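In what follows, a structure is listed as structure tokens, so that the remarks can point back to it.
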Amino acid sequence: MTAGRPDRGQGAPLNPPLVLSSTFVSQGVPGDEPMYGRADTPAWHAFEGALAALEACPSPALVLGSGMGAIAAALSLVPPGGRLVLPRHSYQVTLGYAADLARRSGVQVELVDVADTDEVLSAVRDGDGTRPADLLWVESPTNPMLEVADLPALVVGAHEAGALVAVDNTFATPLVQRPFEHGADVVVHSVTKYLAGHSDVVLGAVLAADPAVRARLHEYRTVHGAIAGPFEVWLALRGLRTLALRVERAQANALELARRLAAHPRVLAVRHPGLPDDPGHARATKLMDGYGSIIGMRPVGGPDAADALVDALRLWVPATSLGGVESTLERRRRFTTESVTVPEDLLRLSVGIEDVEDLWRDLEDALDRTA
Ligand SMILES: *Cc1c(COP(=O)(O)O)cnc(C)c1O
């Protein structure tokens, strides 16, 4: 609650001022920042410091114009012709970016089941028998399949092989999982989702524990120019103030709804790490401070039944994205770019902070009406 606040003093504002300036008075002495708003601006500092505190990162975060901007920065750590290992159920645009790196920069991309530690580490060590990976990318829980990785074991194994480890921590948030505490090198966020939390901002952030790695990411941001606007960052900091309350409520709602859905005769399968029989349950219980608020669900009746269910809901919003205060859902395979290993009938539910009984009544009613 104190992170990202201006210094206390009689009459000082409680919140940092919104700085709208592209340029700053300076004699141009190197290191004399801020000088120019693409390289550095006080508009970013409060948020960058607060996010670093939440992630237990010794250096300030770097805010970028979107989650993908942050991911592109992190993936720039893979040299041309290098090797990149990533989960086959990563965020689909991350997979698209990796495919682009393979085409343009000759990066060898290897997709793995991130829940299978042996498979991941053997790919990291010597996928083609010649050289270890440069970077292991981890998403956990994965989007949209909710597989849970053994993060500490992956970090130890990847470091032994000489690879950096980057974690997309968007789904968990730093309140549920802090990858730096497990030794990860880089963390990225789609701030668009839980951190900002109100579906009104597109924003990203990348953090690195090692100042030398952070300096490379900072250089990438300045040169590529995918920077964040001051107002978006100001809104994200405002969102951060209620992150704990929102995550707590959304997680409680999600666990209750997952339990009820799993017991419903019109539901074929439910994935949520909080369910005791979920394949990720034991690992999530050991490694995470909660189970997140995303549910994977397959209704009886296939993709048509899934589409009908989405149409029949009144409170739940049919929409992509996630992590807002309002509950949303979508059938992921309606995107032709989604991985073919994601079931056609899988609905991804992002549970918000509404009254859980209202959310359940809407789901139950829609399940009944589409039976
Ligand atoms: C949404 C999302 C992204 C991309 O973030 P944008 O802010 O949309 O660019 C990356 N990773 C995950 C896990 C996401 O959910």
Side-chain angles (χ1 to χ4, degrees), residues 47 51 55 61-76 84 86-101 111 114 135 137-149 151 166-177 179 184 186-207 220-221 224-229 231-233 235-236 239-240 243 247 250 254 271 273 280 288 292-296 319-324 327-330 332 335 337-339 342 346-352:
F47 178 80
L51 182 56
E55 283 287 6
L62 292 160
V63 68
L64 285 105
S66 68
M68 280 314 302
I71 287 166
L75 289 177
S76 75
L84 167 65
L86 77 173
R88 67 168 189 255
H89 294 137
S90 301
Y91 178 64
Q92 59 170 327
V93 189
T94 305
L95 289 171
Y97 193 87
D100 192 47
L101 277 181
L111 301 181
V114 81
L135 184 76
W137 191 263
V138 177
E139 249 186 57
S140 181
T142 57
N143 181 3
M145 296 297 280
L146 298 171
E147 295 132 334
V148 179
L151 189 55
V167 180
D168 183 336
N169 206 27
T170 301
F171 264 39
T173 83
L175 299 184
V176 174
Q177 171 170 268
V186 172
V187 168
V188 300
H189 277 282
S190 172
V191 177
T192 313
K193 313 293 170 53
Y194 293 96
L195 300 184
H198 294 72
S199 309
D200 50 10
V201 162
V202 174
L203 201 68
V206 59
L207 304 98
Y220 177 97
R221 178 176 72 178
H224 288 255
I227 60 156
F231 189 52
E232 283 74 8
V233 181
L235 280 175
L240 223 47
L243 180 66
V247 165
R271 253 301 332 222
M288 292 160 52
S293 44
I294 304 291
I295 299 173
T320 194
S321 197
L322 55 103
S327 295
T328 59
L329 84 171
E330 64 176 342
R332 286 301 298 177
F335 295 108
T337 46
E338 183 58 272
S339 306
V342 172
L346 180 85
L347 293 172
R348 186 188 69 192
L349 283 63
S350 170
V351 181

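In listed order, ligands and their atoms are each counted from 1. Excluded from the calculations below are hydrogen atoms, water molecules and symmetry mates; all remaining heavy atoms, backbone and side chain alike, are included. Predicted, not measured: the structure shown is a model, and the values here were computed from it.
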Give me the residue, atom name and distance of the protein heavy atom closest to [atom].
atom: atom 7 (O) of ligand 1; result: T192 OG1, 2.6 Å
atom: atom 14 (C) of ligand 1; result: K193 NZ, 2.9 Å
atom: atom 5 (O) of ligand 1; result: S190 OG, 2.9 Å
atom: atom 4 (C) of ligand 1; result: Y91 CE2, 3.3 Å

Is a side-chain donor or acceptor of [X] paired with a backbone partner of [Y] at a separation under 3.5 angstrom?
X: H198; Y: A196; result: yes
X: S350; Y: G323; result: yes
X: S140; Y: A149; result: yes
X: E232; Y: G65; result: no
X: S339; Y: R88; result: yes
X: T170; Y: S190; result: yes
X: N169; Y: Q177; result: yes

Nearest-0.5 Å distance, CD1 of residue I227 to CG of residue L64:
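Reported value, rounded in 0.5 Å steps: 9.0 Å.
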Taking only heavy atoms of [X], which atoms of ligand 1 are found under 4.0 Å from at least one of them?
X: N143; answer: 15 (O)
X: L203; answer: 7 (O)
X: I71; answer: 10 (C)
X: M68; answer: 5 (O), 6 (P), 9 (O)
X: D168; answer: 10 (C), 11 (N), 12 (C), 13 (C)

Looking only at N/O atoms, are T94 and ligand 1 under 3.5 Å apart anywhere?
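Between T94 and ligand 1, no N or O pair is found under 3.5 Å apart.
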Between ligand 1 and G67, is the shortest N or O to N or O distance under 3.5 Å?
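Yes, G67 has an N/O under 3.5 Å of an N/O on ligand 1.
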